[in-house]
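Values reported hereafter were calculated over all heavy atoms of this structure, with side chains retained and with hydrogens, waters and symmetry mates removed. Letters A, B, ... mirror the listed sequences (proteins, then strands); counts begin at 1.
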Amino acid sequence: DAGITQSPRHKVTETGTPVTLRCHQTENHRYMYWYRQDPGHGLRLIHYSYGVKDTDKGEVSDGYSVSRSKTEDFLLTLESATSSQTSVYFCAISAPVGTTWGNEQFFGPGTRLTVL
Amino acid sequence: AQKITQTQPGMFVQEKEAVTLDCTYDTSDPSYGLFWYKQPSSGEMIFLIYQGSYDQQNATEGRYSLNFQKARKSANLVISASQLGDSAMYFCAMREAAGANNLFFGTGTRLTVIP
């Protein structure tokens with residue numbers, strides 16, 4: 001199994017509070033991603049990173065920011081959580097397309113976030 | 001337009017029978033990959049099978065095979081000899097060579113295997 005961990009695994013918070021989710025990998029993969037999963041939508045990309053300090057927005061980036069100061073860690077921050085951000089958040093990693101592991105994208109176990 | 005379309009919200013199959021889960025995709029990138037993931041009730045995303053756009057043969061992995069019809073832009077997952085443990089959500093996804101290399105997901109199909 002790919003070495004990806006997410007913390008926390010579950011969190012309940014209140015509207016307006018900041019929240020940070022952490023993704024940690026031991027595979028030294030270049031690309032890291034944050035997705036959210038909601039009923040009826042599948043998984044949607046929030047932000048991604050293609051290297052240390054290199055990040056960009058995905059499809060549903062409003063209200064979220066990310067940081068990647070080390071290859072192994074990718075942080076997702078909700079500056080001021082809202083009820084619409086209640087979701088399951090998945091981190092994923094991959095190597096560039098065309099490399100040995102470029103045909104796979106591995107997922108972490110997910111974080112269930114509830115914003116009251 | 002949706003990049004990945006899964007038109008079957010739910011499917012039932014008898015144990016030991018085969019089942020096909022449908023997936024169509026939309027892209028103008030000539031280089032892309034198609035993935036299927038399984039998500040059991042425990043919630044993790046399990047990679048099942050991959051098909052590259054230039055692959056000549058349909059991908060197979062054990063009881064899973066991907067029926068790739070490029071002209072129709074379809075990438076159906078076939079599960080042979082269904083087992084009770086196959087009951088789960090199944091997601092089709094696509095990755096384009098251009099851009100972020102992220103996956104675009106369909107909305108999923110919930111498969112229930114009946115004993």
Which answer fits [X], side chain, backbone, both or neither, if we ask what part of it has an atom under 4.5 Å from a heavy atom of chain B?
X	answer
Tyr48(A)	side chain
Leu43(A)	both
Glu59(A)	neither

Step through the shown structure and confirm whether more than 12 heavy atoms of other residues, nucleotides or ligands are within 6.0 Å of [atom1] on [X].
X	atom1	value
Lys73(B)	NZ	yes
Arg112(A)	CZ	no
Lys70(B)	NZ	yes
Arg63(B)	CZ	yes

request  = Walk me through it: do Phe107(A) and Gln39(B) pass the test side-chain contact (heavy atoms from CB on, under 4.5 Å)?
outcome  = CA-CA 11 Å; Phe107(A) 284 82; Gln39(B) 187 177 43; over 6 Å; no
Tell me whether [Y] is reachable from [X] by hopping between hydrophobic residues (I, L, V, M, F, W, Y) whose side-chain heavy atoms are closer than 4.5 Å.
X	Y	answer
Leu45(A)	Tyr32(B)	no
Leu34(B)	Ile49(B)	yes
Met94(B)	Phe91(B)	no
Tyr64(B)	Leu84(B)	yes

task = Would you mind checking which part of Tyr37(B) comes under 4.5 Å of any heavy atom in chain A, side chain (CB onward), backbone (N, CA, C, O), both or neither?
result = side chain
key: Residue Gln6(B) versus chain A: region with a heavy atom under 4.5 Å   = neither
key: Closest contact, heavy atoms only, Phe35(B) versus Gln105(A)   = CE2-N, 4.2 Å
query = Under 3.5 Å, is there a donor-acceptor pair between the side chain of Tyr35(A) and the main chain of Leu103(B)?
reply = yes
key: Asn102(B) CG to Asp56(A) CG distance, which is reported to the nearest 0.5 Å   = 10.0 Å
request  = Could you tell me whether the side chain of Pro109(A) reaches within less than 4.5 Å of the side chain of Met45(B), counting heavy atoms only?
outcome  = no
request  = Could you check if a side-chain atom of Glu44(B) sits within less than 4.5 angstrom of a side-chain atom of Phe90(A), using non-hydrogen atoms only?
outcome  = no
